[in-house]
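What follows is a set of notes on a single structure, which appears directly below.
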Amino acid sequence: MKTEGKVFKYPDNVDTDVIIPARYLNTSDAHELAAHCMEDIDKEFVKNVKEGDIMVAGWNFGCGSSREHAPLVIKTCGTGCVIAKSFARIFYRNAINIGLAILECPEAVDEINANDEVSVNFDTGEIIDKTTGKTYMAQPFPPFIQNIIKCGGLLASLKESED
Amino acid sequence: MAMTMTQKILAKHAGVEKVVPGQLINAKLDIVLGNDITTPVAVNEFKKAGFDKVFDKDRIAIVLDHFVPNKDIKAAEQSKVCRDFACSHCVSHFYDVGKMGIEHALLPEQGIVTAGDCIIGADSHTCTYGALGAFSTGVGSTDMAAGMATGMAWFKVPSAIRFELKGKLPKNCSGKDVILTIIGMIGVDGALYKSMEFTGEGVKTLSMDDRLCICNMAIEAGAKNGIFPVDETTMKYLDGRSKREPVIYEADPDAEYEKTIEIDLSSIVPTVSCPHLPENTKPAKELSEIKVDQVVIGSCTNGRMEDMQAAYEILKGKKVADGVRCIIIPATMQIMRECVERGYVTAFIDAGAVVSTPTCGPCLGGYMGILAKGERCIATTNRNFVGRMGHPESEVYLASPYTAAASALTGYITEYTEE
């Protein structure tokens, strides 16, 4: 699995309230919600993001609420991958469960700039910044989690083990 | 290898003798919880995956609390999805308007969660029940759906930070000041993926409401769970309330902790978290020039009886300052009723405050107290992120019920001092 696109860069502690403000959570329609992704800190994101683009952020990405709507809107916007220094634990779990690709790589986050063209290979954990020519290696997921992702999410993996 | 209290509960529920930090386990769940925002997503996933029955109708709790009484048509539709699901699967612990409360105040109050439990909830503040000596953690809707279908969840066994409490809190401080102080010390990711285990002789001086408040905000330090040992206070609280037999776990004396942080409760001062992160803490008395437009006393963090009592002691016979909207929200119908019976509601109204039926409403910027651009609120809630209570350019300051009520009287952030 691979993705390639332009980088949108964000700071530390991006919380779920800015990813998708709770005032919109009176619906669970992913497309309706996705129109508001990141709007409280970056009004331009939704207008500019293209299929496969990459979010790069600091420590503790996705802190706050357990709303699964947060990884879901990021994915629905077309984002191919989120690379962060670290993820808040519920966001990390939710991203895996709904099939949003995420990678932890502090070194890449420090050096990759906004608007760089970056490609990511999830099978190997390899991140290439095509703008700067630099390559980084992220920690791959443990096999247990790889299996969930391979099956297409938690429930699909449960169904598979049932059969 | 010796185990922490959390590790012992997880080992038991995974059916193994021992667990070590980092180990992936599949654990049996005692309760699976969801609310009116997260349950509709879970119901959709549950159906999409082709599940047609829940693992145990008595082990699922669905509480409508975020946007009820329904704030608008869309919210009403979401509540209906929850109601229909609960009804068709005969979910025992379904709480609708009239008997609902804010989930994390309601479940302990109704004895649905108890000591020794392993609990997941599709709400980040599910970590609250650690106060009862349970392992309890927040998850997303897909985990809730899987939990409802199978009664199991996977976990990575956490390492722990031990907080050794000693001494006794000053009279104008509560559990809220303890947890805000700790978050200020370790930061919003200071306990990321870890347990926060509270121990020490100071524990016995903390009431159950204080402990529930402290565990409630463990997630605000990034923690997987917060947990208190079971003592006389816990057993007294659970007695006659707990629907299932409590099971007591104790950390091994030689359990390993990543670090131990000593907290002298007697040195805690009234503390406020400034915008826009809970870790931006300052003593309330250093913020006396900060003017507020609104005060909110309530939420899963501070909407319990002791919180209402603190507000009453300060507001009775006084007037909320001109230009300040003071919103008080008892967290459950039982608390609401007791506030009526004790005369608190009359005192709040006479003081110029408004009293709402239970709802998460303003805490997450849903309704019932939304802020305009440039407005500022001091609230007993749990998050002060950008746009949390309304306009992205509004501000939320987090504080205890003492500090919030004292601030309502002056219109400025005010440390409560007894007369």
Side-chain angles (χ1 to χ4, degrees), chain A residues 12-19 21-30 32-33 39-41 43 58-72 85-99 142-145 148 152-162, chain B residues 24 37-38 40-42 44-46 48-51 66-67 70-78 81 121-126 137-146 149-150 154 156 187-189 192-193 219-220 222-224 276-277 279 364-367 370 383 385-388 390 392:
Chain A
D12 294 341
N13 302 312
V14 170
D15 63 77
T16 54
D17 278 287
V18 300
I19 297 171
R23 59 182 177 273
Y24 300 119
L25 295 182
N26 53 359
T27 177
S28 43
D29 182 288
E32 199 179 328
L33 289 167
E39 75 174 26
D40 284 358
I41 58 165
K43 283 196 168 43
W59 301 105
N60 203 28
F61 185 88
C63 61
S65 149
S66 70
R67 64 190 71 149
E68 206 162 283
H69 316 66
L72 201 60
K85 290 187 177 178
S86 67
F87 292 91
R89 60 159 286 274
I90 306 179
F91 184 93
Y92 182 90
R93 235 185 132 93
N94 287 345
I96 291 162
N97 284 345
I98 65 132
F144 176 83
I145 292 173
I148 295 177
L154 179 66
L155 290 176
S157 78
L158 286 176
K159 271 294 183 192
E160 191 150 293
S161 62
E162 228 181 35
Chain B
L24 286 159
I37 288 185
T38 56
V41 180
N44 187 37
E45 291 297 317
F46 185 91
K48 213 166 70 188
F51 291 109
H66 278 59
F67 292 157
N70 301 135
K71 84 179 183 97
D72 54 24
I73 295 169
K74 285 180 177 174
E77 297 291 348
Q78 301 224 96
V81 172
D123 187 282
S124 59
H125 293 107
T126 303
T137 193
V139 295
S141 298
T142 297
D143 277 311
M144 182 197 176
T150 64
W154 66 269
K156 195 159 141 186
V188 290
D189 60 353
L192 190 59
Y193 303 124
I219 179 68
E220 260 49 76
K224 182 169 219 151
H276 290 285
L277 277 179
E279 70 185 25
L364 76 161
Y367 70 131
I370 302 304
R383 292 192 176 126
F385 300 149
V386 170
R388 175 74 179 176

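The contact between B:D143 and chain A is made by backbone and side chain atoms together, counting heavy-atom distances below 4.5 Å. For B:Y367, no part lies near chain A; criterion is any non-hydrogen pair under 4.5 Å. For chain A, the nearby parts of B:I37 are the backbone and the side chain; heavy atoms of each come within less than 4.5 Å. Contact annotation for A:L72: neither backbone nor side-chain heavy atoms come within less than 4.5 Å of a heavy atom of chain B. Only the side chain of B:Q78 has a heavy atom closer than 4.5 Å to any heavy atom of chain A. Of the atoms belonging to B:K48, not a single heavy atom falls under 4.5 Å from chain A. Both the backbone and the side chain of B:L364 come within less than 4.5 Å of a heavy atom in chain A. Neither the backbone nor the side chain of A:T16 has a heavy atom closer than 4.5 Å to any heavy atom of chain B. For A:N94, the part lying near chain B is the side chain, with the backbone staying farther off; criterion is any non-hydrogen pair under 4.5 Å. Contacts of B:A223 with chain A are made by backbone atoms alone, with heavy-atom separations under 4.5 Å and no side-chain atom involved. Residue A:I98 touches chain B through its side chain alone, counting heavy-atom pairs closer than 4.5 Å. Heavy atoms of B:I73 lying under 4.5 Å from chain A are absent altogether.
Among B:T126, B:T38, B:V386, the residue making the largest number of heavy-atom pairs under 4.5 Å with chain A is B:V386. Counting heavy-atom pairs under 4.5 Å between each of B:G387, B:A49, B:A75, B:S141 and chain A puts B:S141 at the top. Of the residues considered (A:L154, A:V18, A:D29), A:L154 shows the highest number of contacts with chain B, using heavy-atom pairs under 4.5 Å. By number of non-hydrogen pairs under 4.5 angstrom with chain A, the leading residue of B:T137, B:D123, B:V139 is B:V139. The residue among A:P21, A:A88, A:A156, A:S65 with the most heavy atom pairs within less than 4.5 Å of chain B is A:S65.
With salt bridges taken as basic N to acidic carboxylate O contacts below 4.0 Å, none links A:D40 and B:R388. Between B:R383 and A:D15 there is no salt bridge, since no side-chain nitrogen of the basic residue lies less than 4.0 Å from a carboxylate oxygen of the acidic one.
No more than 12 heavy-atom neighbours from other residues, nucleotides or ligands sit within 6.0 angstrom of NZ on B:K156.
By the 4.5 Å heavy-atom criterion applied to side chains, A:F91 and A:C63 are not counted as neighbours. Put simply, the side chain of A:I19 reaches to within 4.5 Å of the side chain of A:V14, judged on heavy atoms. Between B:W154 and B:L24 the shortest side-chain heavy-atom distance falls below 4.5 Å.
Residues forming a salt bridge (charged side-chain N to carboxylate O under 4.0 Å, His left out) with A:E68 (at least two apart in sequence, or on another chain): none. Applying the side-chain hydrogen bond (donor to acceptor under 3.5 Å, both in side chains) rule to A:Y92 yields no partners; only residues at least two apart in sequence or on another chain are considered.
Counting all heavy atoms, side chain and backbone alike, B:E279 lies closest to B:V188 at OE1-N, 2.8 Å. Contact record, B:A122 with B:G140: CB-O, 3.8 Å, taken as the closest heavy-atom pair.
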Step-by-step side chain to side chain contact (heavy atoms under 4.5 Å, CB included) determination, A:W59 to A:F87: CA-CA 7 Å; A:W59 301 105; A:F87 292 91; over 6 Å; no
